[in-house]
Amino acid sequence: MVKYFCCAGLLKSNWDQVCAAFWQRYPNPYSNHVLTEDIIFREVTPTNCLISRRLLTKTSRAPRWMERYLPKHMASSAYIIEDSVVDPQKRTMTTLTWNISHARLMSVEERCMYQMNPENSSWTEIKREAWISSNVCGLSRAIQEFGLARFKTGVTKTMKGFEYVLAKLHGETPSRTLAETATERARETALAAKEKAKDLASHAQKKQYV
């Protein structure tokens, strides 16, 4: 079973500016969990598309009930692969990211499409999709709920970080008020999912002893 999530976002900057900000996202106040970023390879195709692969190291504190399933040195960090394709002719940027750490416990794949907003060419829209799966017997639902809650929280931080970097590129004072109307909803949803995951995990653990 796989948890699927889809959402759309809007950045009030043009596509060229968003692409430039994408490569300068780290560090920012909303990405303290990103420790390192390394380019594995990069090439330009005959059609002038820029293809890149990066390795990101992030802090990823697992909940206590999950820590016992992880080696001690892996319980607080994670390695992420990020592939991207920038097509200047179609004016699209597509990214695909997935975790290579803890993948047996939980796999998170994310696909993002950045393209010009059809109603306003000065804005950029983002379509984000995610697939979260786990094969841990008896705990897969709890792990997926936890992963989905963390992912939604991460989306909010990602958008805030983008706005912060874009503001700096524009020579403006970065604002911390990005999508405040959506932030509260995302926080409430994440907290509800987290509590649900805890309940599911608690019931799963009890069944092991019955």
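Computation of the quantities below employed the complete heavy-atom set of this structure, encompassing side-chain atoms and omitting hydrogens, waters and symmetry-equivalent molecules. Starting from 1, each residue takes its place in the sequence as its number.
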Identify the two heavy atoms, one from [X] and one from [Y], that lie closest to each other, and give their separation to 0.1 Å.
X	Y	answer
G9	M159	CA-CE, 4.2 Å
T124	S13	OG1-O, 2.8 Å
C49	P88	CA-CD, 4.3 Å
M116	S121	SD-CB, 3.4 Å
L105	I143	CD1-CD1, 3.6 Å
K12	W123	CA-CD1, 3.5 Å

Examine [X] and [Y] and state if one hydrophobic cluster contains both, with Ile, Leu, Val, Met, Phe, Trp and Tyr joined whenever side-chain heavy atoms are less than 4.5 Å apart.
X	Y	value
I39	I80	no
Y79	F151	no
V86	F162	yes
V108	F5	yes
L50	M93	yes

Is any side-chain heavy atom of [X] closer than 4.5 Å to a side-chain heavy atom of [Y]?
X	Y	value
L169	Q17	no
V136	R104	no
S84	Y114	no
P118	E125	yes

Under 4.5 Å side-chain linkage, directly or through intermediates, the cluster mates of [X]:
X	answer
V2	Y4, W131
L35	none
M113	none

*Under the side chain to side chain contact (heavy atoms under 4.5 Å, CB included) criterion, do E163 and L11 qualify, and how do the steps go?*
CA-CA 7 Å; E163 286 287 339; L11 293 169; 3.4 Å; yes

Once you round to the nearest 0.5 Å, how far does [atom1] of [X] lie from [atom2] of [Y]?
X	Y	atom1	atom2	value
Y30	K160	OH	NZ	5.0 Å
L96	C112	CG	SG	9.0 Å
I132	R150	CD1	CZ	11.0 Å
N99	L56	CG	CG	12.0 Å
N28	K157	CG	NZ	11.0 Å
S134	M106	OG	CE	8.0 Å

- Going by atom types alone, do E110 and T97 pair a side-chain donor with an acceptor below 3.5 Å?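 T97 and E110 do have a side-chain donor-acceptor pair below 3.5 Å.
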
May I ask you to check whether over 12 heavy atoms, not counting those of [X], lie within 6.0 Å of atom [atom1]?
X	atom1	answer
Y26	OH	yes
N135	CG	no
E119	CD	no

Assess the residue pair I81 and L55 against the criterion (side chain to side chain contact (heavy atoms under 4.5 Å, CB included)); give the C-alpha distance rounded to whole Å, side-chain angles, the decisive distance to 0.1 Å, and a yes or no. CA-CA 5 Å; I81 293 292; L55 174 66; 3.9 Å; yes

- Task: Run through E109, E145, E129 and flag the one making a salt bridge (charged side-chain N to carboxylate O under 4.0 Å, His left out) with K3.
- Result: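 In the set E109, E145, E129, the residue that makes a salt bridge (charged side-chain N to carboxylate O under 4.0 Å, His left out) with K3 is E145.
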
Tell me, with the steps shown, if K127 and C6 meet side chain to side chain contact (heavy atoms under 4.5 Å, CB included). CA-CA 7 Å; K127 180 182 179 182; C6 179; 4.1 Å; yes

Paired with D83, the side-chain hydrogen bond (donor to acceptor under 3.5 Å, both in side chains) test is passed by just one of R54, R111, R53, namely R53

message: Quick one, I51 with F41, criterion side chain to side chain contact (heavy atoms under 4.5 Å, CB included). Give me CA distance, side-chain angles, the key distance, then yes/no.
response: CA-CA 8 Å; I51 299 177; F41 71 79; 4.1 Å; yes

Over-ring placement of R25 relative to F22, 6.0 Å and 45° cut-offs: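 Yes.
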
